[in-house]
Every structure is written in C-alpha cells, then in structure tokens.
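The block underneath contains the structure these notes are about, expressed in structure tokens.
Lettering of chains follows the sequences in order, A, B, ..., and the numbering in each one begins at 1. Just so you know, these numbers use all the heavy atoms, side chains as well, and skip hydrogens, waters and symmetry mates.
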Amino acid sequence: MPQQFWKPGTDKPRILEDEEGGVVFFAPSLSSASSSSSRFGYASIGSQRQRLPVYKYRTAILYLVETHATTIIVGETGSGKTTQIPQYLKEAGWADGGRVIACTQPRRLAVQSVASRVAEEMDVKLGEEVGYTIRFEDVTNPAATMIKFLTDGVLLREIMDDPLLTKYSVIMVDEAHERSISTDILLGLLKKIQRRRPELRLIISSATIEAKSMSDFFQTSKKHRGPEDHEFVPRKVPAVLSVEGRGFNVQIHYVVEPVSDYVQATVSTVLSIHDQEPAGDILVFLTGQDDIDAAIQLLAEEAHASRKISSGLIVLPLYSSLPRAEQDLVFSPTPRGKRKVVISTNIAETSLTLEGVVYVVDSGFSKQQFYNPISDIENLVVAPISKASARQRAGRAGRVRPGKCYRLYTEEYFVNEMSSVGIPEMQRSKLVSCVIQLKALGIDNILGFDWPASPPPEAMIRALEVLYSLGVLDDDAKLTSPVGFQAAEIPLDPMISKMILSSNQLGCSEEIITIAAILSIQSIWVSGKGVQKELDEAKLRFAAAEGDHVTFLNVYKGFLQSGKSSQWCHKNYMNYQAMKKVIEIREQLRRTALRLGIVLRSCEGDILAVRKAVTAGFFANASRLEAFSHNGMYKTVRGSQEVYIHPSSVLFRVNPKWVIYHSLVSTDRQYMRNAMTIDPSWLTEAAPHFFQNLRRPDPIAH
DNA sequence: GAGCACTGC
C-alpha cells in the first residue's frame with residue numbers, strides 16, 4: 001500500500017453522497033491543501049505548481065484514489081491535472097517498490113510535451129524517473145522510470161505482452177471525453193483488468209461533465225461497502241471530482257437568425273470584428289480545405305472592396321495536409337498594429353494551440369467520418385458539432401485574456417438541438433483492427449464485450465466476416481495459428497498484415513513492406529490545388545502500367561536514390577514529411593517482420609510476385625469493368641456496387657478489365673483509390689472460400 | 001477529371 005497521506009483527526013475531507021447512490025462528490029477543503037504545501041519541490045517551480053487550480057484538490061484526489069478503485073476527474077483545460085496528478089501520486093508513494101504510474105494521452109505530441117514539462121518540474125532527466133513511450137520512440141528506463149506518459153494505443157499494445165499491466169499501480173486515462181477507439185477499448189479492458197487486480201487504481205480524466213455515464217460504466221458492484229473496511233478494499237463505486245480550469249471568461253454571441261451560407265457569414269463576422277473590436281487575433285473554425293480556401297478568397301475580395309479595413313489583416317489557412325512551412329506561419333507572432341486571422345479545420349480544436357487568440361468564430365460544423373456496415377463504405381461528411389465541441393472551440397478564445405466567441409447558429413439551436421456530446425468514434429468506424437486486437441487479447445466473446453459505448457452489431461459482424469475471409473479467424477471465430485496471431489502483431493489494418501504475411505512465401509517482403517508503409521499514410525503527394533498539371537506530370541515519371549502499388553515502389557526507389565532529399569521531393573511534388581514517415585513506418589515493419597520470422601527478401605523486379613501478395617490481402621476489393629461501359633464503370637465482385645477508378649490513380653482512363661483497390665471514397669460516385677491490375681484467376685487462388693461463398697454461380701467468369 | 005476532418009499502433 002502507498003504511504004498514508006490522510007491523517008484521521010486532521011481536517012477531514014467531506015464526502016457528499018449523490019442521491020442516486022451511484023456517484024460520490026467531493027467538496028474541496030482549502031485548509032487541508034495548504035497544510036501540506038512546503039513538503040516538496042523547488043521554490044519557484046513549487047510555488048508555480050501551487051498556483052494551479054488542481055493544487056487545492058491535492059489531498060482530496062489522493063484520498064479518493066486511495067479509497068476508490070476508480071476516480072473520475074472532470075476538469076477543464078488549464079487546471080493542471082495532467083502534469084500535477086502523476087506527481088501527487090508519486091509523492092504519496094504510488095511509485096514505491098518499482099511500481100509505475102501511467103498517464104495516457106490520445107496524441108503523441110501531448111505525450112512528449114507533458115512528459116518533458118513534468119521532468120522539468122521534478123528537476124530530473126527525461127527518460128529516467130519521468131519517461132514517455134510513443135510509436136517509434138521509447139524514452140524510458142525500466143529500472144528507474146516511476147511516471148510514464150504514453151499514448152493509449154501504446155498501452156493497448158502493452159496489454160498484449162502483459163495482460164494485467166502488472167507494473168502499473170495507477171493508470172490515468174486523460175482526455176477520455178474524446179472517446180477515440182483506442183480510449184474506449186482501453187477503458188473496456190481496464191475494467192476487466194481491475195476485476196483481476198483490485199489493487200489497481202484508475203483515474204479517468206475528462207473535460208465534460210458526462211461523468212455519470214462513465215461512472216455507471218465503472219461501477220462494478222452496486223453494494224456499498226462500510227467505511228470501516230475502505231482502507232483495505234477500495235470502494236467499487238467510482239468517485240467523481242470536479243476541478244475548475246483557469247481559462248478566462250469568454251462571452252458568447254449567437255446569430256439572431258440561422259445563416260444559410262456559413263462561409264459568407266464567416267467573412268462578414270471576421271470583417272466586423274476587425275472593424276469594431278480591439279486588438280487580438282481571430283480563430284475561425286470551418287470544415288475543410290474547400291471551405292477554408294473559399295473563405296480566404298472571399299475575405300480578400302471583400303477587404304479589398306472596403307479599403308478602410310483592407311490593411312492590417314493577416315489571413316492564414318490551417319489544416320493538416322498543409323505543407324509544414326505554411327503551417328508554421330500561424331505560430332509566428334502578430335506584428336504590432338496587425339491582426340492575424342487563422343482559418344482552420346478541427347486541428348485547432350485539440351491538436352494545436354494558438355497563443356494570442358481573443359476572438360473565435362465557430363461555424364458549428366466539422367467533417368466527421370461515418371461508416372455504413374451494410375455497404376461497407378466509410379464516408380466523410382460535414383456534420384453539426386456537439387455542445388462539448390462548441391465549448392472547446394469557444395475556450396480557445398480565453399487563453400490569454402477574456403475573449404469573445406461568435407457562433408454562427410442561434411442560441412435556440414445550441415440549447416435545444418445540438419447534441420451534448422459527439423458520437424463515439426467506435427460507433428462510426430470500421431472495426432476490423434479493433435476486433436483483431438481484442439481477439440489477440442483473448443477476448444472471445446466480442447459481441448458481449450463490455451464497451452463504454454457499444455458499436456453497431458452489424459459493424460462487428462462485418463469485421464468478423466472480413467477477418468474470417470482473410471484466414472485470420474477460424475470457424476469458431478478464434479485467431480488462427482500462425483496467420484491470425486501474426487497478423488495481430490502487425491500494427492496495421494489486417495488486410496495489409498495479410499499482404500505482408502503472404503509476401504514471405506512469394507519472396508517479395510522488402511517490396512511489400514514498402515507498399516504497406518505508403519498505404520498506411522494519407523498521401524505521399526503534395527496537396528493538389530494550383531499545381532495540378534505539374535503534379536500529374538510528376539506522377540507520370542513514376543507511373544507503372546500495373547497500377548498505383550507498383551508506382552509506389554518506383555517513387556520509393558527514387559527517393560532512396562536521391563539520398564532521401566527534401567529538394568528531390570519538392571521537385572517531384574512529393575510531400576517530404578510524408579516520405580519521412582514512410583521510412584519510419586517501414587523500419588518498424590521490418591523489425592516486426594523479423595520478429596515474426598518473415599524472411600526479408602527482394603523479388604528483384606519480379607512484379608508478378610508483388611501483385612499476387614497484394615491480391616492475397618485485398619482480394620475482397622476486386623472489381624470488374626462493365627462489358628459495354630464507355631465511362632469506366634466497374635462493378636465490385638463482392639457486392640455488385642457501381643464504382644469508378646479515382647482520377648488521382650495512374651490507372652484513371654486506362655480502365656483495365658480487372659482491378660483490386662485499396663479503399664473506396666464516396667463523393668458523387670464511389671471511387672476506388674489506389675488500384676492495381678490483376679488476373680482474375682489470382683482471386684480464387686488467394687481465397688477459394690470467399691469466392692465460392694458468393695451468391696453468383698461464377699462471379700469471375702471472363 | 002476529383003478532392004483528403006483528425007488521431008494512432
């Protein structure tokens with residue numbers, strides 16, 4: 001047990017029972033917090049730490065963690081919970097005896113920056129007492145690390161090697177309100193682990209007040225234990241503690257009438273802020289590159305027309321596919337007498353923080369992914385945001401001083417129609433990777449798994465079907481040996497994993513892991529507007545008749561021959577950052593392949609082997625050109641869906657009779673992205689079962 | 001001849 005920090009007889013924390021009996025609320029006691037103020041830390045950093053809002057809950061938090069299996073902490077950004085709570089736990093002895101305190105984050109950058117901040121506060125070298133682990137980077141020392149920050153994805157991988165996470169005494173899951181797939185899987189698994197390890201403590205940290213549902217989820221026993229035994233057995237009822245943030249007040253403005261064109265409304269709002277409000281930068285939330293470009297152009301036109309305000313505005317776009325140098329412009333300080341306007345996607349809602357923003361304009365929309373398990377198509381659509389998102393966006397205006405947020409929707413809409421939280425990612429995504437991961441963790445009854453939010457059964461069944469067809473699961477829906485277990489080890493989509501495993505027998509693993517690495521990033525080309533012709537020409541220099549996959553091999557070869565040069569990328573309209581990521585992923589895949597006993601071998605130009613390996617993973621994505629089609633219409637073998645080759649493919653307008661594709665994107669039509677020519681006989685060869693089971697008597701007859 | 005919100009292993 002950790003050292004006792006709570007002394008009976010001293011100022012006792014007050015516990016307030018929720019009337020429904022499910023939730024324990026805790027009222028902070030200022031005097032107990034200040035009584036333990038000078039026990040740790042260096043003067044300057046120590047007093048800085050004490051000024052954080054979370055500090056006055058120090059005793060309360062430690063008390064709750066000690067006495068409850070799960071503690072839910074609701075706190076806005078700026079409360080200091082992420083950097084302070086792990087330190088409080090360490091100071092209270094939770095890292096004694098070689099145990100480790102873990103704190104997960106959804107994003108890599110957050111892991112790195114929080115870890116270095118905490119190492120600095122504790123005056124230790126990063127990677128010793130305080131460390132972090134993210135994909136490609138393990139900055140920990142197993143013999144010394146007491147506080148470890150990591151992405152939730154990394155912790156999930158750790159569960160594969162150590163199913164009970166035995167080295168951790170406390171696991172804090174931060175930003176749980178974002179409800180990413182890995183956070184949700186992690187929460188489900190932690191609940192199971194807790195049943196086997198009653199001494200394990202969980203802290204769930206969330207920005208929204210939806211704590212009740214989280215509390216219900218972690219409430220393993222309805223029976224209350226008496227207070228006399230709580231020192232030995234933690235209470236099963238989760239404790240809930242609310243910590244205020246340190247943001248400044250943000251005044252909210254709503255439009256009086258609904259707007260019909262939010263791009264136009266954005267531009268008018270920005271201009272009137274610039275005209276009437278004191279200095280301070282403006283952050284605008286739109287949905288995507290199209291919106292953003294349109295708004296910037298309109299803003300330029302209107303500012304030009306009214307000369308009085310045309311000067312003084314610096315307008316900058318911000319989205320993830322923007323080249324790095326242009327992205328960095330938004331961080332440069334605003335010159336005196338100027339006003340910066342950053343027009344951004346959701347990237348500025350959580351991933352990037354801009355200093356100096358005083359005004360936020362919120363369109364009320366963002367692009368969100370939805371998955372239809374019946375048609376098996378993922379769709380990116382503009383959809384209304386949730387109240388939680390709207391609050392997060394508004395909060396971006398209050399970081400340096402009191403700010404204002406202009407919502408381009410009515411108050412009536414916000415209050416009555418906006419949903420309070422977004423739909424968890426789990427309920428709007430493909431679940432193939434998620435299901436194989438759970439299988440690898442020994443969860444046999446996938447449909448009965450205790451999720452924080454249950455995914456649609458159709459999506460689960462579809463995922464099971466895909467895994468069965470790949471030979472990853474057997475008739476009893478158990479992982480096959482060795483293919484299933486090996487595929488689960490590879491940190492990629494199972495269809496790609498299957499392709500890699502098949503390349504072993506075909507003698508082309510070096511080429512296939514290159515293709516796998518490139519397929520698992522967004523795009524290796526620079527984003528196309530304005531340089532379309534040049535981009536097309538550059539692509540032609542690498543284009544292979546066999547299709548996009550083989551083209552990728554040419555590109556990668558060229559990149560290596562250039563000495564991985566950024567100028568070479570620039571010259572060929574390639575995204576250098578993306579290529580660097582390809583190199584990293586490829587290196588990780590090489591190591592994973594070696595561990596799985598895959599022989600790394602090049603086929604030395606035998607492209608037939610490469611194409612067969614791709615087919616072994618992606619046979620389910622085969623389609624055939626319609627016999628009398630003049631417009632390049634294909635039908636999928638699996639579902640007879642009408643599909644077309646995407647104009648970005650090197651096979652666009654080539655229209656070979658048979659292709660397999662990597663993915664479908666759905667806009668006005670269904671487009672196949674990354675297509676490759678095949679011989680249809682390879683399909684039955686790769687997956688006889690799959691094609692026999694299709695309804696049509698002979699779907700691949702010539 | 002079209003368009004890629006954002007993460008992550």
- [ ] Output yes when at least one side-chain N/O atom of Ser320(A) is less than 4.0 Å from OP1 or OP2 of dC6(B), else no.
- [x] yes
Open item on the list: Please tell me if Thr350(A) has a side-chain N or O lying less than 4.0 Å from either OP1 or OP2 of dT7(B).
Closed with: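 No, outside the criterion.
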Length of the [atom1]-[atom2] vector between [X] and [N], whole Å:
X         : N      : atom1 : atom2 : result
Ile181(A) : dA5(B) : CD1   : P     : 19 Å
Tyr573(A) : dG3(B) : OH    : P     : 23 Å
Gln588(A) : dG8(B) : CD    : P     : 13 Å
Leu438(A) : dC9(B) : CG    : P     : 18 Å
Tyr671(A) : dA2(B) : OH    : P     : 5 Å
Tyr371(A) : dT7(B) : OH    : P     : 23 Å
Ile521(A) : dC4(B) : CD1   : P     : 17 Å
Glu175(A) : dG8(B) : CD    : C1'   : 15 Å

Given [options], identify the nucleotide with an atom nearest to the side chain of [X].
X         : options                : answer
Asp668(A) : dC6(B), dG3(B), dC9(B) : dG3(B)
Pro491(A) : dA5(B), dC9(B), dG1(B) : dC9(B)
Thr345(A) : dA5(B), dG1(B), dC9(B) : dA5(B)
Gln532(A) : dA5(B), dG3(B), dG8(B) : dG3(B)
Thr667(A) : dC9(B), dG3(B), dT7(B) : dG3(B)

Check residues 154-166 of chain A and write down every donor-acceptor pair under 3.5 Å in which the side-chain atom is one partner and the other belongs to a residue at least two apart or another chain.
from: Arg157(A); atom 1: NH1; to: Ala488(A); atom 2: O; distance (Å): 3.1
from: Arg157(A); atom 1: NH1; to: Glu489(A); atom 2: O; distance (Å): 3.4
from: Glu158(A); atom 1: OE1; to: Tyr168(A); atom 2: OH; distance (Å): 2.6
from: Glu158(A); atom 1: OE2; to: Lys148(A); atom 2: NZ; distance (Å): 2.8
from: Asp162(A); atom 1: OD1; to: Leu165(A); atom 2: N; distance (Å): 3.4
from: Asp162(A); atom 1: OD1; to: Thr166(A); atom 2: OG1; distance (Å): 3.4
from: Asp162(A); atom 1: OD2; to: Thr166(A); atom 2: N; distance (Å): 2.9
from: Asp162(A); atom 1: OD2; to: Thr166(A); atom 2: OG1; distance (Å): 2.9

Open item on the list: Pick the closest DNA chain B nucleotide for Thr287(A) and for Arg108(A) by heavy atoms, then say which residue is nearer the 5' end.
Closed with: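 Whichever sits nearer the 5' end wins; that is Thr287(A).
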Residues that [X] engages under side-chain contact (heavy atoms from CB on, under 4.5 Å), provided they are two or more places apart:
X         : answer
Phe485(A) : Leu479(A), Ser481(A)
Ala453(A) : Arg179(A), Asp184(A), Pro424(A), Gln427(A)
Asp293(A) : Gln289(A), Tyr319(A), Lys529(A)

Report yes or no: is there a donor-acceptor pair, N or O only, under 3.5 Å between the side chain of [X] and the base of [N]?
X         : N      : result
Glu349(A) : dA5(B) : no
Asp536(A) : dG1(B) : yes
Gln105(A) : dG8(B) : no

Open item on the list: Check Lys81(A) with Asp174(A), please: is the shortest side-chain N to carboxylate O separation under 4.0 Å?
Closed with: yes
- [ ] May I ask you to decide whether Glu510(A) forms a salt bridge with Arg586(A), counting only side-chain N to carboxylate O separations under 4.0 Å?
- [x]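 Here Glu510(A) pairs with Arg586(A) in a salt bridge, since their nearest N and O are under 4.0 Å apart.
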Touch check for [X], heavy atoms < 4.0 angstrom, all strands: base, sugar-phosphate only, or nothing?
X         : value
Arg157(A) : base
Ile490(A) : nothing
Thr151(A) : sugar-phosphate
Gln368(A) : nothing
Tyr319(A) : sugar-phosphate
Ser351(A) : sugar-phosphate

Open item on the list: Can you confirm whether the side chains of Asp548(A) and Tyr661(A) place a donor and an acceptor under 3.5 Å from each other?
Closed with: no
Task: Residues within residues 380-390 of chain A bordering DNA chain B, heavy-atom distance below 4.0 Å - done: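 Under 4.0 Å from DNA chain B: Leu380(A).
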TODO: Could I get the full list of side chain to side chain donor-acceptor pair (under 3.5 Å) partners for Asn655(A), not counting sequence neighbours?
DONE: none
Task: Plane angle bin for Tyr409(A) and Phe414(A) - parallel if under 30°, tilted between 30 and 60°, otherwise perpendicular - done: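 Because their plane-to-plane angle is under 30°, the rings of Phe414(A) and Tyr409(A) count as parallel.
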